[in-house]
Every structure is written in C-alpha cells, then in structure tokens.
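This report concerns only the one structure given below.
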Amino acid sequence: MRIGYPCINLGLACRPSRTFRLASLTVDRLHATVDGNLRCLEEIVRWNAAHGLLFLRITSDLIPLASHPENRFPWGEAFAPRFAEIGALIRRSGMRISMHPGQYTVLSSPRPEVTEAARADLAYHAQVLDLLGLDRTAKVQIHGGGVYGDRRAAVKRFAAAVDALEPGVRERLVVENDERLYTFSDVLGLHAMTGLPVVFDAFHHALHGDGRSLGEALAAQAETWGREDGLPLVDYSSPLPSGRPGRHAQTLDEGDFARFLAGSRPHDFDLMLEVKDKERSALRALALARGDPRLVAEAG
DNA sequence: GGAAGTCAAGTCTCG
DNA sequence: CGAGACTTGACTTCC
C-alpha cells in the first residue's frame with residue numbers, strides 16, 4: 001500500500017495550483033504561472049519521496065485554464081523538458097500519480113457542449129501524465145456526473161462518451177462512487193458498460209452506500225482493475241467529529257483509520273487521504289499502516 | 001495589508 | 001429561487 005494526500009503540501013512555502021482570471025490570460029502570465037507551479041510540483045515530489053509518501057494527486061490547476069478554448073498556448077511543447085525531468089524523478093521514486101478533475105467535468109450530461117468540454121479537460125489531464133512519461137497506472141478519476149431524472153439514459157450517455165474518448169485518454173480513466181448520485185453499485189454498473197476500473201471512496205460509501213461491507217466492496221472493486229492498471233485506488237477521509245456529515249475532516253481520526261485498515265485486510269490498494277491538513281495526516285496514516293506507534297507519535 | 005467579492009465550467013439538494 | 005456543496009481556495013478589487 002502506498003499512501004498519499006491531494007495536491008498541495010501545507011508545510012512548503014509554494015503552491016502548485018497558482019492560477020489567474022480568464023481576463024488576465026496572456027502568454028506571459030500563463031508561462032510564468034506554469035513555470036512556478038512546476039517548480040512547486042517538483043518540490044512536493046521530492047518532499048514526498050523523502051518522507052515515504054509514494055502516492056500523489058497532482059492538482060488540476062497545474063496548468064491554469066488548460067482546456068479553456070481561449071487558451072491556445074502550446075504549454076505541452078513549451079514545458080516538455082520540465083515535465084520530463086519531474087517525471088523521471090517520480091519514476092525513480094517509485095511514486096504513483098493520480099489526478100481528479102473537478103465537478104465541471106461531466107460525461108453523462110445531455111448537453112453536448114458539456115461533454116465536449118469534459119472531453120477536452122480529460123485530454124488535458126492525460127496529457128500531463130503522458131508528458132511525465134508515466135505508464136497506465138497513473139489515473140484520472142471522475143464521478144458519474146448527473147442523473148437528470150433518467151438514470152438509464154444518463155448511464156448510456158456516460159458509456160457513449162467514454163467510448164468516444166481517444167484510447168490514450170480512456171486508458172487512464174477510472175470512475176469513483178460519490179456521496180449523492182452514484183453509489184458503489186451504480187459505479188460497478190458504469191464499469192460493466194465501459195470497462196473502466198472503479199475507485200472506491202470509503203467516505204462516500206459510508207455516507208451513501210449500497211449495503212456492502214468494506215471487505216465486500218474492496219473485493220468487488222479489485223475485479224474491475226486490470227493487470228496494467230496497477231493496484232486499485234481507494235480514497236479515505238475521516239468522518240467529521242461533530243459538524244454536518246459530508247465534509248472532509250480537518251485531520252485524521254486515528255481510531256477510525258485503524259478500524260478501516262483492519263477491515264480492509266487482506267486487500268491491497270493505494271490510498272489517498274482526503275483530509276484538510278494534508279501531509280500531516282498522511283504521515284500519521286503512514287506510520288499507522290506500518291504499525292509503528294513511535295512513528296505515529298512523532299508524526300502527530 | 002486585510003476584507004470582501006468573484007472566479008471557466010455542472011448538477012443537485014436544502015432552506 | 002438562491003445558496004451551498006463538491007477533489008482543491010486563489011485572485012482581484014476595494015478600502
């Protein structure tokens with residue numbers, strides 16, 4: 001099991017997700033921002049490798065407005081050497097990479113302009129992973145999107161949109177259960193129609209599940225991953241101690257996480273910790289997963 | 001320098 | 001019918 005956290009490292013002074021408004025889009029601005037974002041991404045990769053955190057979600061903001069029609073700057077060409085350097089570092093570290101486009105990337109929409117924008121955005125995400133020289137185990141994870149009052153029709157549109165993707169993009173795509181519309185069972189249905197591997201989000205499953213136990217879900221999930229896809233991906237977030245359900249917790253609840261680990265055996269997977277305090281919790285989770293209480297105390 | 005308002009984009013639920 | 005929620009707040013304006 002590799003463990004990681006999403007996008008930004010709070011202890012570092014830099015951010016890989018600097019952006020700007022569409023009104024501020026110029027070649028110079030884009031170039032300068034991407035340059036800084038890549039510099040920061042490299043810092044994060046080095047930090048994570050040094051601390052044993054070998055699973056990283058790269059922010060979708062790495063290239064601001066990457067798939068916006070008004071952005072015609074050939075950022076891929078311009079930064080290919082930098083991507084290659086960082087990619088070599090990632091591969092040398094044995095690090096796994098994922099990306100997670102935002103809520104606007106919807107393949108099931110009845111509106112063609114929406115699915116076209118989604119296609120362009122997924123192509124951007126795949127291009128980043130391609131430029132890093134990563135194999136098929138580097139994944140782009142999305143949700144099912146909307147239901148629009150007719151689930152069967154929405155699922156059919158989703159499958160058709162997946163079929164229409166370029167193979168290089170489709171091979172990186174994986175689909176994840178959400179906390180409202182697409183349960184784990186629903187996402188297994190999407191897998192059946194598309195062949196896409198399934199990301200299991202344990203937190204969403206707890207909020208909006210399908211009755212499967214953790215062990216049952218992980219067993220079913222594993223069936224959806226092919227040999228070239230790598231280990232299954234799992235998202236975990238501690239429940240909020242008091243506040244409304246649904247939000248990601250500030251920090252790791254060690255008791256809940258220990259129960260999660262115990263309940264997940266003997267399945268193996270790579271784990272993304274979605275908690276607000278990022279690398280702090282990831283280090284504690286790593287220590288817990290390694291079964292070293294002294295390390296847990298140090299990391300805390 | 002800090003607070004407030006806005007940001008490319010979708011969809012659903014709640015109040 | 002508008003605000004808030006989501007994988008992630010950051011930018012920009014105004015005072």
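Below, chains carry the letters A, B, ... as their sequence lines are ordered, and counting in each starts from 1. Only heavy atoms go into these numbers, but all of them, side chains included; no hydrogens, no water, no symmetry mates.
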Using the [atom1] atoms only, state how far [M] lies from [N], rounded to an integer number of Å.
N	M	atom1	answer
dC14(B)	dT7(C)	C1'	22 Å
dG10(B)	dC11(C)	P	22 Å
dT8(C)	dT12(C)	P	23 Å
dA3(C)	dC7(B)	P	13 Å
dA10(C)	dT11(B)	P	26 Å
dG4(C)	dT6(B)	P	13 Å

When you compare the ring of Y104(A) with the six-membered ring of dG10(B)'s base, are the centres less than 5.5 Å apart and the planes under 30° from each other?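 Per 5.5 Å and 30° rule: no stacking.
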What nucleic acid atoms does T59(A) come within less than 4.0 Å of, heavy atoms only: base, sugar-phosphate, or nothing?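 T59(A): no heavy atom of the nucleic acid under 4.0 Å.
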Once you measure the plane-to-plane angle for F73(A) and H31(A), does it fall in the parallel (<30°), tilted (30-60°) or perpendicular (>60°) bin?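 Rings of F73(A) and H31(A): perpendicular, over 60°.
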Please give, in whole Å, the distance from [N] [atom2] to [X] [atom1]?
X	N	atom1	atom2	answer
F158(A)	dT11(B)	CZ	C1'	15 Å
H208(A)	dT11(B)	NE2	P	19 Å
H125(A)	dT8(C)	NE2	C1'	11 Å
L56(A)	dT7(C)	CG	P	18 Å
R157(A)	dG10(B)	CZ	P	15 Å
N9(A)	dT8(C)	CG	C1'	14 Å
D61(A)	dA8(B)	CG	C1'	11 Å
R180(A)	dG4(C)	CZ	P	16 Å

Under 6.0 Å between ring centres, would you say that holds for F184(A) and H208(A)?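 That pair fails the under 6.0 Å test.
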How about Y182(A) and H143(A): are their ring centres within less than 6.0 Å of each other?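 For Y182(A) and H143(A), the ring centres are not under 6.0 Å apart.
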Sole residue of V234(A), D235(A), L214(A), D210(A) in side chain to side chain contact (heavy atoms under 4.5 Å, CB included) with H205(A):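 Exactly one option meets the side chain to side chain contact (heavy atoms under 4.5 Å, CB included) with H205(A), and it is D210(A).
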Whether over 12 other heavy atoms sit under 6.0 Å from [X] [atom1]:
X	atom1	result
E113(A)	CD	yes
R18(A)	CZ	no
E166(A)	CD	no
R39(A)	CZ	no

Both distances below 3.5 Å, Watson-Crick or wobble geometry, any strand: find the nucleotide opposite dA4(B).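 WC or wobble partner is dT12(C).
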Find the partner of dT7(C): check Watson-Crick (N1-N3 plus N6-O4 or O6-N4) and G-U wobble (N1-O2, O6-N3) distances, both under 3.5 Å, and reply none if neither fits.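 The answer is none; no pair meets the criterion.
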When you check the phosphate oxygens OP1 and OP2 of dA8(B), does a side-chain N or O of S67(A) lie under 4.0 Å from one of them?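 Looking at the OP1 and OP2 atoms of dA8(B), neither is under 4.0 Å from any side-chain N or O of S67(A).
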Taking only side-chain N and O atoms of H143(A), does any of them lie within less than 4.0 angstrom of OP1 or OP2 on dG10(B)?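 No, no such contact exists.
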Identify, residue by residue, the members of residues 13-50 of chain A with a heavy atom below 4.0 Å from DNA chain C, and return them in order of residue number, or none.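 Within this stretch, R15(A), R18(A), T19(A), F20(A), R21(A), S24(A), R29(A) sit under 4.0 Å of the strand.
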Given [options], the nucleotide with the shortest approach to the side chain of [X]:
X	options	result
Y148(A)	dA8(B), dG9(C), dC12(B)	dC12(B)
H100(A)	dT11(B), dT7(C), dG9(C)	dT7(C)
K276(A)	dC12(B), dG9(C), dT7(C)	dG9(C)
R57(A)	dT11(B), dG9(C), dT7(C)	dT7(C)
V114(A)	dT11(B), dT7(C), dA8(B)	dT11(B)

Electrostatic pair R172(A)-D130(A), nearest N-O below 4.0 angstrom: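 Salt bridge flag = yes for D130(A) with R172(A).
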